[in-house]
K.L.:
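I have a structure I would like to understand better, so I am pasting it below and will then ask my questions one at a time.
All heavy atoms count here, side chains included; hydrogens, waters and symmetry mates do not.
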Amino acid sequence: MTARRTAALLLLATALLAGCARAGAADGAGEPALGTVAVNPPTASLALPLDAYQDSDEENRRMDAVQDRLTGQCMARFGFAYRPPSGAPAPAAPAADRHRYLYGLADPAYAARYGYDKDAGRLQPAKPRRAPLSDSAYTVMYGERPGARGVSGPDPRSQEEADEADSGLRVGDRRVPPGGCEREGYRRLYAPDKDSVDLLYAFGLASEAHTRAGRDSRVRAVLARWSDCLAKAGYPGIATPYDVVEQLGLDGDRAGTRAVRAAVADVACKRSVNLVGVWAAAEAAYQRRLIEAHAQTLARYGEQREDRFRLAAALS
């Protein structure tokens, strides 16, 4: 059977699966229509609706630098110089594949070379080193006395609330902010006001969509076919891609011969049933439904994200 014919059959099977849920999806109840389903798409090509609300790796690094600067401004109020943790910079990398393992291992070339070893071929950056702090500087930085366990005093969610709270700590004649300058830097960037939307709000919606998609009858049907395929390849009783490593006892050697052999079979079975294509289409459909249901909060989330970018530009 040619690759083109295989792709055509996969598209036909997917269309039939999508039709089963279309009637119940029209009014927002039941399973949503899948829309266009790609055939074995590379995970790097996946663009899910909620991706628009999440920062890229480069944006995350930029926000980390902004948070360090805000923390430094706080420390300076107490007369302390703040130096961010030092270490070797992370090596330059190509554009991140944020969905690489969303449905388990899916890259046949990676499976054949590295098995289930997610860190293979990566240079790990050195662990950041923090400059030693005096007792007073430690108290200002972390909002607790050296040797204390846990956060001393209140830990307000927003900077607006923190401005009205008393940590009960003083250094010199100044009140230490709740949680110290480290928490203040975070709050000024990510939660300046009482109505600030939680930084992980969009991530939470994406997680909810992933859970719903995993329960979708069309995804469950594809998972059952994938599991049957794996059983025929000599790996019976595996229900989801997240169970493979543990059930096969590969945790201690994710790149060994056994792991590579299993990974190759795993990915081949995924491709034979178009697992990534169907699951990603379902996940996108559930994300769109959640975006519609939470449109007002997501709009505020997007505005606050733009505020962070403007703050970053002002501090650069």
K.L.:
Which heavy atom in Ala255 sits nearest to a heavy atom in Ala259, and how many Å separate them?
P.N.:
N-CB, 4.0 Å
K.L.:
side-chain contact (heavy atoms from CB on, under 4.5 Å) between Phe80 and Met141: does it pass, once the steps are laid out?
P.N.:
CA-CA 10 Å; Phe80 296 114; Met141 181 66 179; over 6 Å; no
K.L.:
Would you kindly confirm whether Val176 and Met75 end up in one hydrophobic cluster when ILVMFWY residues are joined by side chain heavy atoms under 4.5 Å apart?
P.N.:
yes
K.L.:
Starting from Val273, can I reach Val278 by hopping between I/L/V/M/F/W/Y residues whose side chains sit under 4.5 Å apart?
P.N.:
yes
K.L.:
How would you list all residue pairs meeting side-chain hydrogen bond (donor to acceptor under 3.5 Å, both in side chains) that involve residues 190-206, not counting sequence neighbours?
P.N.:
Tyr201-His294
K.L.:
Residues in ring-ring contact (aromatic ring centres under 6.0 Å, His included) with Phe78, at least two apart?
P.N.:
none
K.L.:
Taking CD in Glu59 as the centre, count heavy atoms belonging to other residues, nucleotides or ligands within less than 6.0 Å. Is the count above 12?
P.N.:
yes
K.L.:
Would you sort out whether Asp266 and Ile238 count as a side-chain contact (heavy atoms from CB on, under 4.5 Å), showing the intermediate values?
P.N.:
CA-CA 10 Å; Asp266 174 6; Ile238 300 176; over 6 Å; no
K.L.:
With the threshold set at 4.0 Å, does a side-chain nitrogen-carboxylate oxygen contact exist between Arg113 and Asp117?
P.N.:
no
K.L.:
Do you know the tightest heavy-atom contact between Arg187 and Ala162?
P.N.:
NE-CB, 3.4 Å
K.L.:
Can you list every ring pair (Phe, Tyr, Trp, His ring centres under 6.0 Å) pair that touches residues 37-76, not counting sequence neighbours?
P.N.:
none
K.L.:
Checking Lys270 against Tyr103: charged group under 6.0 Å from the ring centre and within 45 degrees of the axis?
P.N.:
no
K.L.:
Please determine whether side-chain contact (heavy atoms from CB on, under 4.5 Å) holds for the pair Ile291 and Leu50, giving the CA-CA distance in whole Å, both sets of side-chain angles, and the decisive distance to 0.1 Å.
P.N.:
CA-CA 8 Å; Ile291 288 172; Leu50 281 166; 3.6 Å; yes
K.L.:
Looking only at atom types and distance, does a side-chain atom of Arg258 sit under 3.5 Å from a main-chain N or O of Leu248, one as donor and one as acceptor?
P.N.:
yes
K.L.:
Ignoring hydrogens, what is the shortest heavy-atom contact between Asn274 and Pro41? Give both atom names and the distance.
P.N.:
OD1-CD, 4.1 Å
K.L.:
Spell out, as yes or no, whether a donor-acceptor pair under 3.5 Å connects the side chain of Ser207 to the backbone of Phe203.
P.N.:
yes
K.L.:
Side chains of Arg98 and Gln54: is there a donor and an acceptor less than 3.5 Å apart?
P.N.:
no
K.L.:
Look only at the side chain of Ser227 and the backbone of Ala224, and say whether a donor-acceptor pair between them is shorter than 3.5 Å.
P.N.:
no
K.L.:
Do you reckon Trp226 sits in the same ILVMFWY cluster as Val264, going by side-chain contacts under 4.5 Å, direct or chained?
P.N.:
no
K.L.:
Please check this pair: side chain of Glu184 against backbone of Cys74, looking for a donor-acceptor N/O pair closer than 3.5 Å.
P.N.:
no
K.L.:
Could you verify whether a donor N or O on one side chain and an acceptor N or O on the other, from Asp68 and Tyr82, lie under 3.5 Å apart?
P.N.:
yes
K.L.:
Run the side-chain contact (heavy atoms from CB on, under 4.5 Å) check on Trp279 and Leu223 step by step: do they pass?
P.N.:
CA-CA 9 Å; Trp279 202 338; Leu223 281 170; 3.8 Å; yes
K.L.:
Examine distances only and state if a side-chain atom of Arg174 and a backbone atom of Arg77 form a donor-acceptor pair shorter than 3.5 Å.
P.N.:
yes
K.L.:
May I have all residue pairs that pass side-chain hydrogen bond (donor to acceptor under 3.5 Å, both in side chains) and include part of residues 240-250, sequence neighbours excluded?
P.N.:
His210-Tyr242, Thr240-Asp243
K.L.:
Any ion pair linking Arg175 and Asp163 (charged N to carboxylate O, less than 4.0 Å)?
P.N.:
no
K.L.:
Please find the pair of heavy atoms, one from Pro146 and one from Thr139, that lie closest to each other, and give the distance.
P.N.:
CD-OG1, 3.7 Å
K.L.:
I'd like to check Gln159 versus Leu70 (side-chain heavy atoms, cut-off strictly below 4.5 Å). Are they in contact?
P.N.:
no
K.L.:
Thinking salt bridges, do Arg61 and Glu58 make one under a 4.0 Å N-O criterion?
P.N.:
yes
K.L.:
Report yes if the side chains of Leu46 and Val276 come closer than 4.5 Å at any heavy-atom pair, otherwise no.
P.N.:
yes
K.L.:
Is there a path from Tyr286 to Val222 through hydrophobic residues (I, L, V, M, F, W, Y) whose side chains come within less than 4.5 Å of each other?
P.N.:
no
K.L.:
Would you name the heavy atoms of Ala313 and Arg62 that are closest together and state the gap between them?
P.N.:
N-NH2, 3.8 Å
K.L.:
Taking all non-hydrogen atoms of both residues into account, name the closest pair between Gln287 and Ala206 and its distance.
P.N.:
NE2-CB, 4.1 Å
K.L.:
Can you list every pair that meets salt bridge (charged side-chain N to carboxylate O under 4.0 Å, His left out) and has a residue in residues 204-215, with sequence neighbours left out?
P.N.:
Glu208-Arg212
K.L.:
Show every salt bridge (charged side-chain N to carboxylate O under 4.0 Å, His left out) that has at least one partner inside residues 39-56, sequence neighbours left out.
P.N.:
Asp55-Arg305
K.L.:
Is there side-chain contact between Leu48 and Leu102, with at least one heavy-atom pair below 4.5 Å?
P.N.:
yes
